[in-house]
**Q** 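Can you read through this structure? Questions will come right after.
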Amino acid sequence: MTDYLFPNDSGYDTERRGYNLSVDHKPEVVIPATSVAEVVDAVRHATSRGLGVAVQATGHGPSVPADGQVLINTSRMDGVAIDPVARTATVEAGVRGGALVRAAAEHGLAPLNGSSPEVGVVAYHLGGGIGVLGRQFGWAVDHVRSLDLVTADGELRHVTATSDPELFWALRGGGKGSLGVVVALEIDLHPVARLYGGGMHFDATDPSEAERVLSTWAEWTRTTPETMGTSVLLIQMPDLPFLPEAIRGRRVVHVRFAFTGEAVDGERLVSRFRELGPVTDTVAEMPYAQVGTIHAEPTTPVPFHARNTMLHAFDKAAVAELLAETATGRYLVEVRHMGGAFTRPGVVPASLGRRDGEYVAYAGGVAETGEAASLVADLDRLMARLAPWSTGGPAVNFLSGPDVTAARLAAGYLPADVERLAEVKRVVDPTDVFRTHHGRA
């Protein structure tokens with residue numbers, strides 16, 4: 001029997017909240033689904049009453065509150081099936097990245113997972129998927145083989161490149177909550193069992209030290225092989241007792257590495273940074289199952305606001321602009337190295353057609369309601385200063401929070417694909433049942 005939780009019911013608040021608290025869902029009813037049948041029932045319940053349907057697994061990327069609607073929480077649908085011969089995984093709607101990594105690692109395989117083990121696998125893939133191994137293997141969305149989708153008519157559809165090529169194209173890159181509830185994905189896995197990976201912290205209290213590390217990284221990335229995934233984070237660390245003394249309460253640069261080649265080659269590649277004198281160094285041979293420790297992203301829910309943009313280049317001048325704007329340390333800034341296989345089309349075309357970034361710059365911070373406007377203004381100023389290096393579009397998967405507009409979302413796609421996506425939406429969901437998604441603010 002499916003639970004229907006209303007505002008006065010115990011558990012309602014727990015089920016409606018996700019990771020990013022800047023979007024506060026107040027649905028008419030929350031349905032914590034445990035099976036495909038319960039998702040089907042939830043969609044039919046909503047349409048029979050003229051209500052919209054929103055879906056949430058982890059709540060990392062909301063942009064529009066599901067007020068007065070039916071919110072389906074899929075977090076309990078956590079089945080993972082690995083086929084080691086075919087090198088595939090089939091995952092249910094609530095599976096998180098870390099669980100998939102661990103299941104695949106038992107067979108010496110790896111998915112194209114993101115940096116956080118807590119992010120939901122389905123939404124991550126539907127938005128494109130910037131994986132730790134993406135420079136070598138490409139966008140995660142290009143490795144989706146099939147999707148099981150509950151559409152607005154309350155029917156379950158198995159969608160593949162041959163069964164419904166247009167819907168298959170649209171879902172892979174443009175299907176985050178707008179075309180139905182994806183209850184399962186089949187994806188490719190890759191024969192990666194270990195990495196030479198980890199991170200190095202550098203004390204950035206002196207701005208000249210931050211400039212030295214960031215400029216070194218920017219130059220270094222221009223010649224790194226596609227087997228090296230890397231990013232750099234500029235952040236004011238909190239003064240918390242569980243943090244290493246060398247970084248506690250300090251402004252730091254964290255350089256991250258994930259290299260699939262031999263350890264001896266990885267050691268040679270990162271030696272340039274060891275010569276700069278890091279205050280911490282965790283870079284070493286590791287099983288792929290530990291990939292989530294490289295970024296070590298926080299897991300506590302917070303009200304978070306962010307901006308991002310793809311960059312065609314990242315050089316010393318861009319470093320100078322970034323540091324000049326972020327001197328207060330009010331928010332974090334991460335630059336991820338893209339290029340490589342990220343710039344190439346998949347074997348089967350996907351709606352995520354914009355692949356023009358050699359880097360992606362992401363900035364975000366925590367702010368309560370009264371502080372949000374000031375933080376957002378700061379983030380916008382940073383994006384304006386980086387505009388000379390921007391391709392003009394964001395990474396769709398990194399869009400989150402109440403400031404995501406239709407224009408900002410559209411900039412993440414090729415212009416011709418925006419209307420093509422809209423036409424698929426008109427066909428699959430003509431009454432706009434799935435109306436709570438990016439770009440509706």
**Q** What I want to find out is whether Asp356 reaches Arg354 closely enough, with some N-O distance under 4.0 Å, to be called a salt bridge.
**A**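 Arg354 and Asp356: salt-bridged.
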**Q** Does the pair Glu423/Arg420 count as a salt bridge with the N-to-O cut at 4.0 Å?
**A**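 Judged by the 4.0 Å cut-off on N to carboxylate O distance, Glu423 and Arg420 do not form a salt bridge.
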**Q** Is Glu38 salt-bridged to Arg76, cutoff N-O under 4.0 Å?
**A**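 Here Glu38 does not pair with Arg76 in a salt bridge, since their nearest N and O are not under 4.0 Å apart.
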**Q** With no hydrogens and no angle check, do the side chains of Asp417 and Trp169 hold a donor and an acceptor under 3.5 Å apart?
**A**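 No, no side-chain donor-acceptor pair sits under 3.5 Å.
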**Q** Is the NZ or CZ atom of Arg172 positioned over Phe168's six-membered ring, under 6.0 angstrom from the centre and within 45° of the axis?
**A**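 Ring-cation test returns yes.
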**Q** Can a donor-acceptor pair be found between the side chains of Thr436 and Gln69 at a distance below 3.5 Å?
**A**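 Yes, Gln69 and Thr436 have a side-chain donor paired with an acceptor closer than 3.5 Å.
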**Q** Does the ring centre of His312 sit less than 6.0 Å away from the ring centre of Tyr359?
**A**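 When the ring centroids of Tyr359 and His312 are compared, they turn out to be at least 6.0 Å apart.
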**Q** In plain terms, say whether Asp153 and Arg44 are close enough for a salt bridge, that is, a side-chain N and a carboxylate O under 4.0 Å apart.
**A**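 Answer for the salt bridge query: no.
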**Q** Would you say Glu118 and Thr58 are linked by a side-chain donor-acceptor pair, where the criterion is simply a distance under 3.5 Å?
**A**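 Thr58 vs Glu118: no donor-acceptor pair found between side chains.
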**Q** Answer yes or no: is there an ion pair linking Arg145 with Asp188, defined by an N-O contact shorter than 4.0 Å?
**A**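 Yes, this pair counts.
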**Q** Is any NZ, NE, NH1 or NH2 atom of the basic residue among Asp24 and Arg16 found under 4.0 Å from an Asp or Glu carboxylate oxygen of the other?
**A**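 Here Asp24 pairs with Arg16 in a salt bridge, since their nearest N and O are under 4.0 Å apart.
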**Q** Donor-acceptor pairs under 3.5 Å, side chain of residues 287-296 to any protein atom, not counting sequence neighbours: which ones?
**A**
residue, atom, partner, partner atom, Å
Tyr288, OH, Asn113, OD1, 2.6
Thr293, OG1, Gln290, O, 2.7
His295, ND1, Arg256, NH1, 3.0

**Q** Give a yes or no on whether a salt bridge exists between Arg336 and Glu334, defined as a side-chain N under 4.0 angstrom from a carboxylate O.
**A**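 Salt bridge: yes.
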**Q** How would you list all residue pairs meeting salt bridge (Lys or Arg N to Asp or Glu O under 4.0 Å) that involve residues 370-388, not counting sequence neighbours?
**A**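 Every salt bridge (Lys or Arg N to Asp or Glu O under 4.0 Å) pair that includes a residue of residues 370-388, provided the two are not neighbours, is Arg307-Asp380, Glu321-Arg385, Glu325-Arg381, Glu325-Arg385, Arg330-Asp378, Asp378-Arg381.
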**Q** In terms of relative ring orientation, are His190 and His143 parallel, tilted or perpendicular, with 30° and 60° separating the classes?
**A**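 Perpendicular, since the angle between the ring planes exceeds 60°.
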**Q** For the ring pair Phe314 and Trp220, is the centre-to-centre distance below 6.0 Å?
**A**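 Ring centroids of Phe314 and Trp220 are no less than 6.0 Å from each other.
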**Q** Angle between ring planes, His254 versus His201, binned at 30° and 60°: parallel, tilted or perpendicular?
**A**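 The rings of His254 and His201 lie parallel, inter-plane angle below 30°.
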**Q** Using a strict threshold of under 4.0 Å (side-chain N to carboxylate O), is an ion pair present between Asp13 and Lys26?
**A**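 Between Asp13 and Lys26 there is no salt bridge, as every charged N stays at least 4.0 Å from the carboxylate O atoms.
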**Q** With no hydrogens and no angle check, do the side chains of Glu155 and Thr151 hold a donor and an acceptor under 3.5 Å apart?
**A**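 Their side chains do not contain a donor-acceptor pair, so the 3.5 Å distance test is not met.
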**Q** Could you list the residues that satisfy ring-ring contact (aromatic ring centres under 6.0 Å, His included) with Phe398, not counting sequence neighbours?
**A**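 ring-ring contact (aromatic ring centres under 6.0 Å, His included) list for Phe398, sorted by chain: Tyr362.
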